[in-house]
Structure formats: structure tokens, C-alpha cells
Amino acid sequence: VQLQASGGGLVQPGGSLRLSCAASGTIVSIDLMGWYRQAPGKQRELVARITRSGSTTYASSVTGRFTISRDNAKNTVYLQMNNLNPEDTAVYYCNLNRGVMFWGQGTQVTVSS
């Protein structure tokens, strides 16, 4: 499995970004797809994840601001991020979990005025 993430960048506080991650290879029904992030000096943390059937889990810090979605036909997961604040600044990593974890290359999100 290979994961290709895109959509990061620089945005002002209160702004929005949309991340995309396309998976290639063999995708099976149990696969969870999601996003993690790692800020400088901090551990990588779960942001959001989604099952193939659409059940979602969010970190408490992003609930109500971020929305994860998934297009199974395209093997693609999206993360819509609204009302961004400087604490959201991090490298965001796409993830596929089937017991074994697969990671994308990471995309930088910087929230700054």
C-alpha cells in the first residue's frame, strides 16, 4: 500500500484547508483510514479516522472544526479543516490501518498570521 497526501500549506488563523490522501495497492474492507499529526517537539497524535462504512473518530481538540470523509471508489480520504488555529500547526500524516500501519509522506500545515 502506498499513500500520497496533498493539500497542506500556510493559512491564517480562522482559515480553512483540505487535505487529500490517495491510497494505491490492495485496499481491503477492514482498513481504517485517517490522519495523524506531529508538531515540533511533540508525539504523533491521532486527528481523525474513518472506517470503510463511514464511522468516524475525532480528537477532542478538532471536534466540530475538522471533518474526515472517504471515497471508497477512489481509495481516497479527505480532511476538511475549518477555523484553524496556530495549535493546529504540524506535519499531517495520512494513515491506513489494518493491524499493520501504513504511512504517507506527511504534508506541512502552518497556521500563522
For residues 72-88, which side-chain N or O atoms pair as donor and acceptor with protein atoms under 3.5 Å away, sequence neighbours left out?
{"residue": "N72", "atom": "OD1", "partner": "R70", "partner atom": "NE", "Å": "2.8"}
{"residue": "N72", "atom": "ND2", "partner": "R52", "partner atom": "O", "Å": "2.9"}
{"residue": "T76", "atom": "OG1", "partner": "K74", "partner atom": "O", "Å": "2.9"}
{"residue": "Q80", "atom": "NE2", "partner": "N82", "partner atom": "OD1", "Å": "2.9"}
{"residue": "N82", "atom": "OD1", "partner": "S16", "partner atom": "OG", "Å": "2.9"}
{"residue": "N85", "atom": "OD1", "partner": "E87", "partner atom": "N", "Å": "3.0"}
{"residue": "N85", "atom": "OD1", "partner": "D88", "partner atom": "N", "Å": "3.4"}
{"residue": "D88", "atom": "OD1", "partner": "R37", "partner atom": "NH1", "Å": "2.9"}
{"residue": "D88", "atom": "OD1", "partner": "R65", "partner atom": "NH2", "Å": "3.0"}
{"residue": "D88", "atom": "OD2", "partner": "R65", "partner atom": "NH1", "Å": "2.7"}
{"residue": "D88", "atom": "OD2", "partner": "R65", "partner atom": "NH2", "Å": "3.4"}
{"residue": "D88", "atom": "OD2", "partner": "N85", "partner atom": "N", "Å": "2.9"}

### Query
What distance separates N95 CG from L3 CG, expressed to the nearest 0.5 Å?
7.5 Å
### Message
To the nearest 0.5 Å, what is the distance between CD1 on I50 and CE on M33?
### Response
9.5 Å
### Task
Heavy atoms only: give me the nearest L96-A23 pair and the separation to one decimal.
CD1-CB, 4.5 Å
#### Entry: Heavy-atom pair of closest approach, residues Y93 and G104
CD2-O, 3.7 Å
### Message
Once side chain to side chain donor-acceptor pair (under 3.5 Å) is applied, what residue pairs with a partner in residues 101-111 remain, sequence neighbours excluded?
### Response
Q108-T110
### Task
Could you state whether L17 and V62 fall into the same hydrophobic cluster, counting links through intermediate Ile, Leu, Val, Met, Phe, Trp or Tyr residues with side-chain heavy atoms under 4.5 angstrom apart?
yes
### Task
Give a yes or no on whether Y36 and I68 share a hydrophobic cluster (residues Ile, Leu, Val, Met, Phe, Trp, Tyr; joining criterion: side-chain heavy atoms under 4.5 Å apart).
no
### Inter- and intrachain pairs under salt bridge (charged side-chain N to carboxylate O under 4.0 Å, His left out), touching residues 101-113, at least two apart
none
### Query
Tell me, do V109 and L19 make a side-chain contact under 4.5 Å, heavy atoms counted?
yes
### Message
T63: which residues meet the side chain to side chain contact (heavy atoms under 4.5 Å, CB included) condition with it, sequence neighbours left out?
### Response
Y58
### Task
Mind checking side chain to side chain contact (heavy atoms under 4.5 Å, CB included) for S55 and listing every partner two or more places apart, or none if nothing turns up?
T51, S53
### Query
Is a side-chain N or O of T89 found less than 3.5 angstrom from the main chain of V111, in a donor-acceptor match?
yes
### Query
What disulfide bond (SG atoms under 2.5 Å apart) pairs are there with at least one residue in residues 82-113, not counting sequence neighbours?
C21-C94
